[in-house]
Amino acid sequence: MRFTPTRPFSKMSSPATESADVLSQSRRLPTIGGPIFALTVLFLMNLLNYIDRYSFFAVGVDIKKSFDINDYWYGWLAVAFMVVYTVVSPVMGWLGDRYDRRVLLASGVALWSLATVGSAFSYDYYHMAFWRSLLGVGEASYGVIAPALIADLFPVEKRGKAMGVYYLALPLGGALGFGLGGWIGQHWGWSRAFLVVGLPGLLAAAAGLLIHDPGRGASEDGRVAGKADRPRMADYAKLFTIPTFVLNTIGMAAVTFATGAYAAYGANFYQTVRGMSMSQATAWIGAMTAVAGLLGIVLGTGLADFGTRFTRRSYLLLAALVTAAAVPLAIYAILDDKSVGSLTMLFGAMVLLSMVLGPCNTVIANVVPANKRASGFAVYIFLIHVFGDITSPVLLGWISTYFGRPTVADSWLGFLFASVGANPVGDENLTVAMLAVAPVLAIGAFFFLLGSRHLPDDQMRVIEAGGHAEGPAAVPH
């Protein structure tokens, strides 16, 4: 491939635009190819990220046994990387709006890969917690920067498809993480699983230094919605004056709560409660993650676009409908004692929840001005994780441990849950814990519905300020 220097600033660029991007340009580093090569590298980064993330959940039962911990402490271990990821994301969003994005991307990918490899050498709970926490720093470095970079690489009419391709890595990486992690863990032990999935990330990090960064606002002809200079902290606070941003974020936090619960405890549930082997449970969960994710993203994107022919509230009305429809499936999936029926119901719920990813995350891009998008996504990601998949594994772990106590199991409340099939297994009751997902989803559907009322007006404000609204595209969680 031909090496070319990073594209210099256009003579037609405004001084404000040049000022906004001067520190992000690394003229000494060569680039390879154009937007397609960059998207390919970013897709591979995202794929490896989700393989690393879900391989941990695949070997969760064996890690519990190795460190002699219960569901509550496993829950904290499961969210250690997400806690750090969430705290660091706003900082990375601030840096991503100012400094060289290629260096930040590559550094983050290299760090998370080293942390995954380091997890293989953990010999107690605290060492594993350290490596899982370090993983969060690496993920945050690219997690909030990549969507903004893709938005600059592709014009509005192609941006939705580009984002969709990038986030197809979510279901594919989740499936590979569960499948590879479970298979390697069962045959070679959980520590070797981390070695196998962690090392390829170093190659992706090197490739990240060579992708093309066209500059902020490049796909919008340099026109930056709102202020043209770099946003200040006071500008970020204004995100909370956008009703759609707030209400959509609450709804997505509820969906993230559910997906975090299924990721952390899904394979565990089918092993400890339904009696599957590790390879069986992880293979089923992995395959369902891939198919449900792909099907859900395609359906959500298509239906949301189709719905705009009839109403500008389409994106969030669809989210409200499918999230509400997932509630009964989430209940019956856990209570059905037949594995086939249970997995079928869970698959249906996963498809419905995947359908919200494209429309709801595109809403964030559509209602946030272009010069604040990296930070807008950072704040958004921070909130959905704090109230979503950071909360759910810990809360579900506590519920499982609490309702597994003999005194609670023998109480009227314990008998009530037992009457519907939610019985403890040993000193834990993961069935009751998994049932907690349903009411949270009902709350999320309600806030999506409220947000749909404000969506048309909030999108119009951004368009009138010089930004552009684009079609559905998924964003990771």
Assess the residue pair Asp427 and Thr401 against the criterion (side-chain contact (heavy atoms from CB on, under 4.5 Å)); give the C-alpha distance rounded to whole Å, side-chain angles, the decisive distance to 0.1 Å, and a yes or no. CA-CA 7 Å; Asp427 294 330; Thr401 303; over 6 Å; no
Rounded to the nearest 0.5 Å, what separation is found between the CZ atom of Phe417 and the CG atom of Leu335? 9.5 Å
Nearest-0.5 Å distance, CG of residue Leu346 to CE of residue Met288: 4.0 Å
Does the side chain of Val322 come within less than 4.5 Å of Phe448's, by heavy atoms? no
What pairs of residues pass the salt bridge (Lys or Arg N to Asp or Glu O under 4.0 Å) test when at least one of them lies in residues 332-361, not counting sequence neighbours? none
Would you sort out whether Val408 and Leu413 count as a side-chain contact (heavy atoms from CB on, under 4.5 Å), showing the intermediate values? CA-CA 7 Å; Val408 178; Leu413 189 57; 5.5 Å; no
Let me confirm one number: the CD1-CE distance from Ile364 to Met252, rounded to the nearest 0.5 Å. 9.0 Å
Evaluate the side-chain contact (heavy atoms from CB on, under 4.5 Å) criterion for residues Phe257 and Phe387: first the C-alpha distance (whole Å), next the side-chain angles of each, then the deciding distance (0.1 Å), finally the verdict. CA-CA 7 Å; Phe257 182 99; Phe387 297 104; over 6 Å; no
Counting N and O atoms only, with roles assigned by atom type, does the side chain of Asn248 sit under 3.5 Å from a partner on the main chain of Cys360, one being a donor and the other an acceptor? yes
Between the side chain of Tyr50 and the main-chain N/O of Leu172, is any donor-acceptor distance below 3.5 Å? no
For Ala333, does its backbone N or O pair with a side-chain atom of Ser342 as donor and acceptor, under 3.5 Å? yes
dist Leu114:CG -> Trp131:CH2 (nearest 0.5 Å) comes out at 7.5 Å
Using the side-chain contact (heavy atoms from CB on, under 4.5 Å) rule, take Val379 and Phe245 through it: C-alpha gap first, then chi angles, then the decisive distance, then the call. CA-CA 10 Å; Val379 173; Phe245 179 89; 4.1 Å; yes
Looking at Asn429 and Ala422, would you say the former's side chain and the latter's main chain have a donor-acceptor pair under 3.5 Å? yes
Rounded to the nearest 0.5 Å, what separates atom CD1 in Ile334 from atom CG in Leu435? 6.5 Å
